[in-house]
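Labels below follow one simple rule: chain letters A, B, ... track the order of the sequence lines, proteins then strands, and each chain is numbered from 1.
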Number of protein chains: 2
Amino acid sequence: MLLTDRQVLILQVIVDDFIRSAQPIGSRSLSKKEEINFSSATIRNEMADLEDMGFIEKTHTSSGRIPSEKGYRFYVDHLLLPEKLNHTDMAAIKSIFAERIYELEKIVQKSAKILSEMTNYTSIVLGPAVKDNRLRKLQIVPLNKDTAIAIIVTDTGHVENRMFHFPTSVDPSDVEKMVNILNERLAGVPLTNLNSKIYKEIAVLLRHHISSYDTLLNTITDTLNMPANEKVFFGGKTNILSQPEFNDVEKIRSLMNMIEQEDGIYQLLRKNQAGINIKIGTENDNSAMENCSLITASYSMGQEKLGTIAILGPTRMEYSRVISLLQLISTDLSKVLTELYQNK
Amino acid sequence: MLLTDRQVLILQVIVDDFIRSAQPIGSRSLSKKEEINFSSATIRNEMADLEDMGFIEKTHTSSGRIPSEKGYRFYVDHLLLPEKLNHTDMAAIKSIFAERIYELEKIVQKSAKILSEMTNYTSIVLGPAVKDNRLRKLQIVPLNKDTAIAIIVTDTGHVENRMFHFPTSVDPSDVEKMVNILNERLAGVPLTNLNSKIYKEIAVLLRHHISSYDTLLNTITDTLNMPANEKVFFGGKTNILSQPEFNDVEKIRSLMNMIEQEDGIYQLLRKNQAGINIKIGTENDNSAMENCSLITASYSMGQEKLGTIAILGPTRMEYSRVISLLQLISTDLSKVLTELYQNK
DNA sequence: ATTAGCACTCGTTCTTATAGAGTGCTAACA
DNA sequence: TGTTAGCACTCTATAAGAACGAGTGCTAAT
């Protein structure tokens with residue numbers, strides 16, 4: 001059941017060629033390739049075997065072969081040689097970090113944009129998970145007598161804000177006192193732990209100092225309870241539409257629909273491990289992704305995994321190139337983020 | 001050159017029918033309509049005249065007629081009776097404002113979502129122009145020894161933030177002093193005027209109080225110089241793809257491309273007057289919009305125009321319904337926003 | 001084990017035929 | 001003079017058939 005060297009060679013050439021041309025490959029055109037020194041008849045026999053084993057398939061009875069998902073999987077697992085990136089590519093990636101950008105989100109967004117331009121596929125980036133950030137500062141800015149804005153600044157410079165109403169009975173100076181106490185006690189605490197920490201350790205303290213602390217505290221903890229899912233950024237959303245496999249209106253509709261529905265994308269991306277992940281076609285468990293592959297890479301700050309950067313392309317995508325790009329970009333990104341936020 | 005009553009009637013029935021069916025309408029099927037009491041031959045004569053005048057056209061020599069842009073224009077200008085919205089629609093719109101949402105942007109986003117769901121077209125909302133807001137509070141939160149975040153809160157509760165670096169030579173207490181002075185002097189000033197006001201009136205004052213005020217001031221004014229274009233929100237981006245006129249991959253591509261490129265959309269929307277605007281097909285001056293109409297309505301806070309809410313659909317869209325919806329939603333939106341932010 | 005040869009299959013493209021929807025024009029009618 | 005019935009004509013959509021070519025699977029020879 002193992003593939004012979006010759007079968008592997010044929011499979012490799014088929015996948016490589018199909019990735020380039022998007023056309024089924026026949027035995028005759030295969031036999032003309034440089035790498036291949038045996039006749040088309042031999043190739044036909046080998047192809048029949050490869051097809052029996054499920055690595056390639058026909059589009060109709062007398063057509064040439066195209067790789068199956070299993071074929072791509074084998075290709076990705078065993079035949080992939082990391083592509084040497086050329087100077088233009090390297091330069092493009094370096095350019096992401098050339099400008100001095102300080103906001104984490106902006107860097108991440110720019111990465112997505114450049115990546116999509118370089119590959120002509122669609123790039124997706126899962127922004128840093130805010131909930132793991134630590135509180136730097138909480139501020140309350142009153143807007144009018146019963147409305148105020150709570151602003152949270154995290155250690156990575158992320159700013160979240162939410163408007164809230166409070167009972168007019170609350171004394172403004174109480175609010176100020178409360179914010180001061182909270183800031184003293186909560187600086188450096190991860191956002192996810194804020195509320196539990198408030199109730200466990202600080203509620204008692206507050207009760208001593210503040211008269212109507214009950215309603216106020218409830219309002220504020222409600223407010224702090226932010227959804228704070230990772231944000232999803234896209235680059236080149238429509239790029240994938242120019243791939244020849246998407247010349248069918250129905251396919252475009254279902255894919256675009258999925259892309260627009262951020263939740264689906266989020267589910268698709270979040271379950272990936274650290275490092276490079278490759279999901280081919282139905283491996284994505286999503287009917288709209290049947291003809292698509294998703295390659296993801298994680299980026300991190302120091303030891304901590306921050307987010308995911310991904311390329312969405314047709315199953316017939318340039319795996320080698322995309323993987324090299326993602327690898328480079330994710331390590332660079334991690335390096336820059338670590339320098340920028342970690343050691344200061 | 002004026003249309004006779006009968007020609008108007010025929011034009012109206014053609015447009016109404018085509019909006020429903022998306023099929024060319026022939027003289028015979030027209031003659032069967034209730035409203036129409038003359039023979040198909042008569043109708044053919046009238047249609048020939050309407051075509052000569054440019055109100056309707058044929059898709060090929062022996063096809064039925066469809067409205068031309070001029071036909072739609074006449075329909076919109078003279079034949080449109082405002083549609084009575086039914087209870088379901090009214091309820092859906094009211095539901096936008098049912099929940100207590102406080103953030104302006106959220107309300108606006110929810111409007112876009114509901115609107116697209118009700119119409120099955122794509123909705124676009126131009127968010128409130130931040131640059132016209134007035135400064136409520138400026139805050140600087142230091143992140144580490146040479147990085148800080150400037151946070152601006154406006155009177156409508158909008159929060160803008162930007163990270164910046166400053167020379168390590170700057171004294172932290174100077175920063176604080178400066179922020180205090182700026183807050184005292186700049187509260188209530190429209191964001192667009194911040195910088196000029198700083199240089200005209202406050203620079204002198206600052207020089208007296210702060211040692212290295214030069215670099216610091218430059219950094220801060222740079223930071224305040226935010227782009228602050230109106231934000232663009234979408235609802236149902238892919239809805240329009242399910243319209244039968246978009247069964248062509250090339251059309252989908254060009255339209256999706258335009259939608260993704262926020263700048264184009266922004267240009268399309270911003271030039272509209274207050275009130276309801278209707279742009280049909282090529283009136284939009286955009287090749288991707290050839291088969292689309294754009295209906296916009298402005299919303300405001302008190303007397304001040306804040307933003308635009310729009311529906312993008314095929315030229316064959318339900319003008320009457322969409323206009324009624326937009327009118328209702330924009331007045332409701334204006335009312336709520338005015339109540340929420342103006343008189344407090 | 002490999003390969004040349006050949007019959008066969010199927011998609012693509014082009015042509016031809018047919019049905020149907022709709023038009024424009026003419027002539028008759030009220 | 002405005003309206004209508006009738007008819008020839010046009011064009012699309014659809015189906016069916018023919019020719020072509022790319023490719024296969026199988027057999028027999030090397």
Item to check | 5' priority, DNA chain D, between Ala48(A) and Phe38(B) [closest heavy atom] | outcome: Phe38(B)

Item to check | side-chain contact (heavy atoms from CB on, under 4.5 Å) assessment of His60(B) paired with Ser62(B) | outcome: CA-CA 6 Å; His60(B) 58 87; Ser62(B) 71; 3.7 Å; yes

Item to check | Any donor-acceptor pair under 3.5 Å from Arg65(A) side chain to Lys58(A) backbone | outcome: no

Checklist entry - Is a donor-acceptor pair below 3.5 Å formed from side chain Ser62(A) to base dT24(D), judging by atom type as modelled? => result no

Checklist outcome for this item: note: Leu50(B), atom CG; dT23(C), atom C1'; distance rounded to Å ~ 15 Å

Next on the checklist: What is the distance, to the nearest angstrom, from the CD atom on Gln23(A) to the P atom on dG21(D)?
Outcome noted: 18 Å

Checklist entry - Could you state the CD1-C1' distance from Ile56(A) to dT24(D), rounded to the nearest angstrom? => result 12 Å

Checklist entry - Among dT24(D), dT23(C), dG11(C), which nucleotide sits nearest the side chain of Arg44(A)? => result dT24(D)

Checklist entry - Can you name the closest pair of heavy atoms from Leu11(A) and Leu50(A) and give their distance? => result N-CD1, 4.2 Å

Next on the checklist: Applying a 4.0 Å non-hydrogen cut-off, can you work out what Thr42(A) is touching in the nucleic acid: base, sugar-phosphate, or nothing?
Outcome noted: base

Checklist entry - Between atom CG in Asp17(B) and atom P in dG22(C), what is the gap in whole Å? => result 11 Å

Checklist entry - What's the CG-C1' distance between Asp49(A) and dT24(D), to the nearest Å? => result 14 Å

Checklist entry - Which whole-number value in Å describes the distance from Ile25(B) CD1 to dG22(C) P? => result 10 Å

Next on the checklist: With a cut-off of less than 4.0 Å, is there a side-chain N or O of Arg65(B) near OP1 or OP2 of dG22(C)?
Outcome noted: no

Checklist entry - Can you check the Ile43(A) CD1 to dT2(C) C1' distance for me, whole Å? => result 12 Å

Checklist entry - Using a cut-off of less than 4.0 Å, is there contact between a side-chain N or O of Lys58(A) and OP1 or OP2 of dA22(D)? => result no

Item to check | Rounded distance (Å) that lies between atom P of dA4(C) and atom CG of Asn45(A) | outcome: 13 Å

Checklist entry - Hey, is the side chain of Arg28(A) pairing donor to acceptor with the base of dG23(D) inside 3.5 Å? => result no

Item to check | Lys279(A) and Met289(A), any side-chain heavy atoms less than 4.5 Å apart | outcome: no

Checklist entry - Ion pair present between Glu117(A) and Lys113(A), side-chain N to carboxylate O less than 4.0 angstrom? => result yes

